[in-house]
There are 2 protein chains.
Amino acid sequence: MSTQNKILIVDDEAAIRTMLRCALEPAGFTVIDLADCTQAWRLLQAKNAVDLLLLDWMLPDQSGIEFAKRLRAQLATADLPIIMLTAKAEERNKLKGLEEARVDDYITKPFSIRELIARINTVLRRGPVQNHEGRIQFAALALNLDHKTLLINNQEINITPKLYAILYFFLTHRDKVYTRQQLLDNLAADSFYDERTIDRQIKRLRDLLEPSGMADYLITVRGHGYQFTSKKQC
Amino acid sequence: MSTQNKILIVDDEAAIRTMLRCALEPAGFTVIDLADCTQAWRLLQAKNAVDLLLLDWMLPDQSGIEFAKRLRAQLATADLPIIMLTAKAEERNKLKGLEEARVDDYITKPFSIRELIARINTVLRRGPVQNHEGRIQFAALALNLDHKTLLINNQEINITPKLYAILYFFLTHRDKVYTRQQLLDNLAADSFYDERTIDRQIKRLRDLLEPSGMADYLITVRGHGYQFTSKKQC
DNA sequence: GTGATCTGTCATGGATTTGTCATAAACTAT
DNA sequence: ATAGTTTATGACAAATCCATGACAGATCAC
């Protein structure tokens, strides 16, 4: 890679910042680290200041979520890819906040360096998940994050809350197989549901996408789970 | 998985070793503990001697970091997962060393047993030879862990779940003969299957690999079991 | 509350995968 | 070479997995 991707780390713990710097620099990233949102905000006003933001959940002057939302709200940073660092303790209902703040991915501590780098590369490769109109777009599909609606070929289609959540998850986590349990974990706070429930919801989602031909992207991987591909299968 | 993961603890304080042993054995790990690097080095020369190394920072004969680097430098242990135990006191330039030594994770004392176990499992789960693309590669073969597919010469091929598991096992445990029973144990939780079942699956796997010539790496060791070699037999 | 909609559970059937068995082939030791 | 053992392989049965319809419980709007 000729031009290194610049990553901004915002975390109040010096040890974590150092650790991340030491992990990311050898992987070919340029790293800037700051301890609070105020400084970060200033830095980010510059055009193309950084390529990606690694943002801790807990920060001294403002919660990471709040900061992310602020960034999304101003045009200059509306499309900045953000990966959130969360502690294990954080519960599912907080994950809801992640969607609202439109972060691109999140990773729970403790995480492996390898995994972090993989996710950073994924996010950088695919670009921000949502555009500045507050949409996630993929081929003929779009989710309007503000209205929680589904658009197929710009036609608004009714979608139920659960199906919206599933589709949101798939659109933001493409090209990887997820087990039913993983899907349940990501969709419900207290997931003691039957795994077959996922089958049923997948079917419903497919019925919804069928008329547009987009159902073909949602594939079953026998013995493993389901996957939303970026490339239509033949 | 019914075969227990083997963990080597290297720490000079007997009290810590005992504590760790008492913590890890009930969690289903097999524990070996040693007091210094010299002994550990000897032990680790054996292929697949252990699955993970828990290494103290301060050791009598050599610093943990130095030892880790030495392990990384020789092929047999280059991929051995290592978790470092560090005292809270030293923070900064210490962490630098962790990346240099390509340590997989580190944990600062005092730590909770639960956290330690969680981290061990995290490190173990992500597997040994997976490269940054989420693949396990060997010669013309690769497993795409994200898609759960087999790639032969970069051509994605569908593979059934059991065969995937068997191939995954072989690719991550090369150059060692496994008995049919060991293979069964690694592939099914409650394996009361006939041992001949393995023969059958081996045949199926060979049929799959045959066209690419990769079947030659999967050899029968008469009277013992099967082995996936790194060097093609002649 | 009541009705409408949404979501989870269950049962069924079909397709695929996997295990078992029988026999052929290969190998080993004498 | 021959008997005895071990492995390969084809045929088939059993088990597994998934799609799907029916339905009931949960949730939401009014």
Side-chain angles (χ1 to χ4, degrees), chain A residues 92-93 96 147-150 156-170 177-211 215-228 233, chain B residues 148-150 157-170 177-211 215-229 233:
Chain A
R92 294 270 170 246
N93 45 355
K96 276 234 176 80
H147 302 158
K148 309 278 182 204
T149 52
L150 165 65
E156 200 161 299
I157 307 269
N158 250 358
I159 186 168
T160 64
K162 278 282 158 69
L163 289 185
Y164 177 91
I166 294 173
L167 188 53
Y168 175 86
F169 180 85
F170 275 126
V177 177
Y178 292 89
T179 64
R180 291 174 175 73
Q181 194 54 58
Q182 287 175 319
L183 292 169
L184 278 175
D185 288 346
N186 278 288
L187 296 172
D190 53 342
S191 51
F192 282 98
Y193 294 121
D194 193 304
E195 288 198 348
R196 302 279 113 217
T197 296
I198 293 293
D199 297 38
R200 208 59 198 69
Q201 291 289 52
I202 291 282
K203 161 70 170 151
R204 286 174 180 137
L205 188 50
R206 281 175 173 157
D207 288 347
L208 200 66
L209 303 181
E210 192 52 65
D216 298 341
Y217 291 90
L218 181 50
I219 63 178
T220 303
V221 181
R222 191 176 220 275
H224 296 284
Y226 296 96
Q227 175 188 19
F228 197 95
Q233 304 298 296
Chain B
K148 308 288 179 194
T149 52
L150 165 65
I157 310 239
N158 264 338
I159 182 170
T160 63
K162 276 282 161 67
L163 289 185
Y164 178 92
I166 294 173
L167 188 52
Y168 180 91
F169 180 84
F170 275 126
V177 180
Y178 291 90
T179 65
R180 291 175 175 73
Q181 194 54 57
Q182 286 174 317
L183 292 168
L184 277 175
D185 289 346
N186 277 289
L187 297 172
D190 52 343
S191 50
F192 290 102
Y193 295 122
D194 193 305
E195 287 198 347
R196 298 284 115 207
T197 295
I198 292 294
D199 297 37
R200 205 61 197 69
Q201 290 290 52
I202 291 282
K203 159 70 170 153
R204 286 176 179 136
L205 188 50
R206 281 176 174 156
D207 289 347
L208 202 65
L209 303 181
E210 194 50 64
D216 299 341
Y217 291 89
L218 180 51
I219 63 178
T220 304
V221 181
R222 197 185 163 83
H224 297 283
Y226 297 95
Q227 175 186 19
F228 198 94
T229 58
Q233 305 298 297

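Everything quoted here is computed from the prediction, not taken from an experiment. So that the names make sense, note that chain A is the first sequence line, chain B the second, and so on, each numbered from 1.
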So with a 6.0 Å cut-off around CG of D207(B), is the heavy-atom count from everything else above 12?
yes
Quick check on dT9(D): is either OP1 or OP2 less than 4.0 Å from any side-chain nitrogen or oxygen of K203(B)?
yes
So does R196(B) get a side-chain nitrogen or oxygen closer than 4.0 Å to the phosphate oxygens (OP1/OP2) of dT7(D)?
yes
Out of dT18(C), dG4(D), dA22(D), which nucleotide sits closest to the side chain of R204(A)?
dA22(D)
If you check every side-chain atom of T160(A), which of dT6(D), dT7(C), dT9(C) has the closest atom?
dT7(C)
Does dG8(C) have its OP1 or OP2 closer than 4.0 Å to a side-chain nitrogen or oxygen of K162(A)?
yes
Partner residues of R204(A) under the salt bridge (Lys or Arg N to Asp or Glu O under 4.0 Å) criterion, sequence neighbours left out
none
N/O donor-acceptor pair, side chain R200(A) with base dT20(D), under 3.5 angstrom:
no
Touch class at under 4.0 angstrom, heavy-atom based, for Y164(B) against every strand present
nothing
For dA8(D), take OP1 and OP2 only and decide whether either is under 4.0 Å from a side-chain N or O of T220(B).
yes
To 10°, what angle do the rotation axes through the five end pairs on each side of the helix from dG1(C)-dC30(D) to dT30(C)-dA1(D) form?
50°
Determine the interplanar angle of the Y217(B) and F228(B) rings, folded into 0 to 90°, and report it as parallel if under 30°, tilted if 30 to 60°, perpendicular if over 60°.
parallel
